[in-house]
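This report refers to the structure that appears directly beneath it.
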Amino acid sequence: MSSIVLGVSGGVAAYKAAFVLRAFTEAGHDVRVVPTPGALHFVGAATFEALSGNPVTTDVWSDVPDVAHVRIGQNADLVVVAPATADLLARAAMGRADDLLTATLLTASCPVVFVPAMHTEMWLHPATQDNVATLRRRGAVVLPPAVGRLTGPDTGPGRLPEPADIAALATVVLHHGTAALAHDLTGRRVVISAGGTREPLDPVRFLGNRSSGKQGWALARVAAARGAEVVLVGANVDLPAPFGVHVVPVGTAEELRTAMVAEAQEADVVVMAAAVADFRPETVAVSKLKKGSSAEPTAVPLVRNPDVLAELVTKRAPGQLVVGFAAETGDDDADVLTHARAKLARKGCDLLVVNDVSDGQVFGRADNAVTVLAADGSVTELSHDSKDAVAAGIWATIASQLPPEPQS
Ligand code: CTP
């Protein structure tokens with residue numbers, strides 16, 4: 001169990017902080033909510049007290065004998081400020097201490113994550129951007145806001161990411177520090193495929209696989225948090241779009257291929273995390289195959305699907321990194337890593353993320369363990385962890401291999 005301080009500043013998205021709080025307490029953490037006085041215009045202290053089981057105060061004149069304005073920050077393992085308004089970011093960047101939350105920020109030596117939410121004009125204002133740059137320079141994580149519906153009729157960047165995204169990313173920082181969400185993919189475009197293709201047999205049946213899409217979704221979420229522009233080509237994945245990520249839904253291997261080839265053209269990094277069916281039924285019946293009818297199949301002839309990864313490698317733009325995934329089991333001929341090294345060479349990609357699926361231990365689960373093999377021979381082991389933490393490790397490896405950005 002860790003001690004988390006959840007700072008809440010005064011924006012309408014403050015109601016979502018209750019869900020972030022819930023996610024932390026359900027994971028077993030002790031959470032102390034520190035709202036600004038403005039936040040309590042949106043959500044009452046009783047809500048935060050009931051959900052956290054801890055007292056809630058906003059000013060430095062309560063709990064004076066406990067020196068709360070110093071102790072809360074000193075004792076925290078992680079501080080998350082969600083939502084962080086333009087005013088809160090400005091006061092934090094200035095180092096002010098005019099309420100309990102800003103005083104706490106000054107005494108915290110643990111990782112700090114700010115999750116901004118505000119109107120687009122406020123977010124894009126040079127004053128706010130300077131404050132964000134200052135906070136990042138000092139080592140805090142400042143997540144980019146999601147793009148979408150804001151209060152009233154406005155839409156644009158400034159929306160608070162969904163509570164599940166915030167909790168997942170903050171947990172990565174809690175366990176792995178702020179470097180796990182380094183802001184090192186700004187200006188980079190990344191294209192990720194995820195999920196599993198479905199190859200139709202008739203209007204109601206398909207050949208599919210057990211990929212849930214969770215690892216690809218985590219890769220997209222972490223890439224967006226690290227500043228990338230992210231396109232996620234999702235094959236049959238029933239998960240909400242991660243914040244800031246543009247999702248292109250596809251069904252079959254052929255659809256996935258078309259989307260990936262088009263999206264990859266301008267990409268700095270292409271990641272093929274999807275489980276693409278190697279084969280599809282040779283013909284697709286236009287009406288349902290009924291048992292006992294003359295159309296009842298006795299066998300299903302299959303034909304090869306295109307190898308999307310191999311095609312992306314041949315079409316790779318200069319400086320672009322292509323990352324493949326390999327789900328492997330060992331066999332009588334070779335172990336998992338020997339098979340994987342052969343596949344890296346065969347596919348010609350720059351990096352191969354290797355999953356050992358010997359015991360069906362990956363599909364649909366919230367955690368994972370992988371080995372990342374690079375074409376230059378380097379090997380990175382990412383031990384058992386949440387799929388978001390594994391995604392952070394994969395991005396750190398990818399970022400270390402990216403050529404420097406051209407100076408504009
Ligand atoms: N892949 C692809 N197109 C296919 C099959 C796989 O782009 N038709 C990609 C996957 O997205 C993954 C990588 O290739 O990034 C390796 O997938 P995997 O199924 O492990 O390998 P295969 O190519 O199917 O090789 P093998 O059958 O020998 O295991």
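As a basis for the values below, the full set of heavy atoms in this structure was taken, side chains included, without hydrogen atoms, waters or symmetry mates. Treat the numbers as computed from the prediction; the structure is a model and nothing was measured.
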Less than 4.5 Å apart, any side-chain heavy atom of Val172 and any of Leu174? no

Does a donor on one side chain sit under 3.5 Å from an acceptor on the other, for Ser211 and Asn209? no

Interatomic distance, CD@Gln74 vs SG@Cys110, rounded to 0.5 Å, equals 11.0 Å

Dump the intermediate steps for side chain to side chain contact (heavy atoms under 4.5 Å, CB included) on Thr36 and Arg91, then the final yes or no. CA-CA 12 Å; Thr36 62; Arg91 291 191 294 125; 3.9 Å; yes

Check the surroundings of atom CZ in Arg96: do more than 12 heavy atoms from other residues, nucleotides or ligands lie under 6.0 Å from it? no

Can you tell me if Ser2 uses its side chain to pair, donor with acceptor, with the backbone of Ile4 under 3.5 Å? no

Closer than 3.5 angstrom, by distance alone: can the side chain of Asn355 be matched with the main-chain N or O of Val370 as a donor-acceptor pair? no

Closest heavy-atom pair, Ala84 versus Leu89, reported as atoms and distance to 0.1 Å, is CB-CD2, 3.9 Å

Heavy-atom side-chain proximity of Trp217 to Val245 below 4.5 angstrom: no

With Asp385 via salt bridge (charged side-chain N to carboxylate O under 4.0 Å, His left out) - residues at least two apart: none

Can Asp367 and Lys387 be counted as an ion pair, charged N to O under 4.0 angstrom? no

Would you say the side-chain atoms of His125 pair up with the backbone N or O of Ala127, donor to acceptor, closer than 3.5 Å? yes

Under the 3.5 angstrom rule, does the side chain of Thr197 hit a backbone N or O of Ala277 as a donor-acceptor pair? yes

Salt-bridge present (Arg188, Glu229; N to O < 4.0 Å): no

Look only at the side chain of Glu49 and the backbone of Val56, and say whether a donor-acceptor pair between them is shorter than 3.5 Å. yes

Applying side chain to side chain contact (heavy atoms under 4.5 Å, CB included), run through Val80 and Phe24 and close with a yes or a no. CA-CA 11 Å; Val80 178; Phe24 287 147; 4.1 Å; yes

Minimum heavy-atom separation for Ala13 and Leu160, please, with both atom names. CB-CB, 3.9 Å

How close do Ala108 and Val79 get, counting heavy atoms only, and between which atoms? CB-CG2, 3.9 Å

Got more than 12 heavy atoms from elsewhere within 6.0 Å of CG, Asp238? no

Contact between Phe325 and Leu352 at the side-chain level, heavy atoms closer than 4.5 Å - yes or no? no

If you define the side chain from C-beta out and look only at heavy atoms, does anything of Val269 sit under 4.5 Å from Gln320? no

For residues His339 and Asp331, is any side-chain donor paired with an opposing acceptor at under 3.5 Å? yes

After noting the C-alpha distance and the side-chain angles of Arg226 and Asp184, does the key distance pass the salt bridge (charged side-chain N to carboxylate O under 4.0 Å, His left out) rule? CA-CA 6 Å; Arg226 292 173 84 125; Asp184 54 1; 2.8 Å; yes

Write down the atom of Ile166, the atom of Pro161, and the distance for their closest heavy-atom approach. CD1-O, 3.4 Å

Spacing of Leu351 atom CG and Leu344 atom CG [to the nearest 0.5 Å]: 8.0 Å

Checking Thr120 side chain against Pro157 main chain: does a donor-acceptor pair fall under 3.5 Å? yes

Pair Asn305-Arg280, side-chain donor/acceptor within less than 3.5 Å: yes

Within-4.5 Å side-chain heavy-atom neighbours: Val34 and Leu6: no

Enclosure of Phe42 CZ (heavy-atom neighbours >12, cutoff 6.0 Å): yes

Just by distance, no angles: are the side chains of Ser294 and Glu296 close enough, under 3.5 Å, to form a donor-acceptor pair? no

Return yes if some donor-acceptor pair links the side-chain N/O of Glu255 with the main-chain N/O of Gly251 below 3.5 Å, else return no. yes

Checking side chain to side chain contact (heavy atoms under 4.5 Å, CB included) for the pair Lys315/Gln265: CA distance, chi angles, key distance, verdict? CA-CA 8 Å; Lys315 293 184 170 159; Gln265 280 178 27; over 6 Å; no

If I take atom OG1 from residue Thr85 and atom NE2 from residue His119, how far apart are they, to the nearest 0.5 angstrom? 12.5 Å

Side-chain H-bond candidate by donor/acceptor type, Glu381 with Thr371, under 3.5 Å: yes

Of all heavy-atom pairs between Leu382 and Gly393, which one has the smallest distance, and what is that distance? CD1-C, 3.6 Å

Which of these passes side-chain contact (heavy atoms from CB on, under 4.5 Å) with Ile72: Val5, Asn54, Leu101? Val5

Going by distance alone, is a donor N or O of one side chain under 3.5 Å from an acceptor N or O of the other, for Thr128 and Asn131? no

Donor-acceptor check, side chain of Trp123 to backbone of Pro145, threshold 3.5 angstrom: yes or no? no

Taking the side chain as everything from C-beta on, heavy atoms only, tell me whether Asp99 gets closer than 4.5 Å to Pro37. yes

Find out whether Thr252 and Val250 are in side-chain contact, i.e. whether some heavy atom of one side chain is under 4.5 Å from a heavy atom of the other. no

How long is the straight-line distance from CG of Leu185 back to CD1 of Ile398, given to the nearest 0.5 Å? 8.0 Å

For Val191 and Ala267, the nearest pair of non-hydrogen atoms, with its separation, is CG2-CB, 3.7 Å

Say you draw a straight line from OG1 of Thr178 to NE2 of His183; how long is it, rounded to the nearest 0.5 Å? 13.5 Å

Between CG on residue Leu100 and CZ on residue Arg32, distance to nearest 0.5 Å: 7.0 Å

Going by an N to O cut-off under 4.0 Å, is there a salt bridge joining Asp388 and Arg221? yes

Exam field: side chain Arg136 to backbone Val142, donor-acceptor pair closer than 3.5 Å: yes

Classify the side-chain pair Ser358/Asp356 by whether it contains a donor and acceptor separated by less than 3.5 Å. yes

CD/Glu266: more than 12 non-hydrogen atoms of other groups inside 6.0 Å: no

Looking at side-chain heavy atoms only, is the closest gap between Arg205 and Lys288 below 4.5 Å? yes

Looking at Val43, is its backbone amide N or carbonyl O close enough to the side chain of Thr47 to form a donor-acceptor pair, meaning the two atoms are under 3.5 Å apart? no

Evaluate the criterion side chain to side chain contact (heavy atoms under 4.5 Å, CB included) for residue pair Val308 and Leu256; output intermediate values, then yes/no. CA-CA 8 Å; Val308 185; Leu256 185 139; 4.1 Å; yes

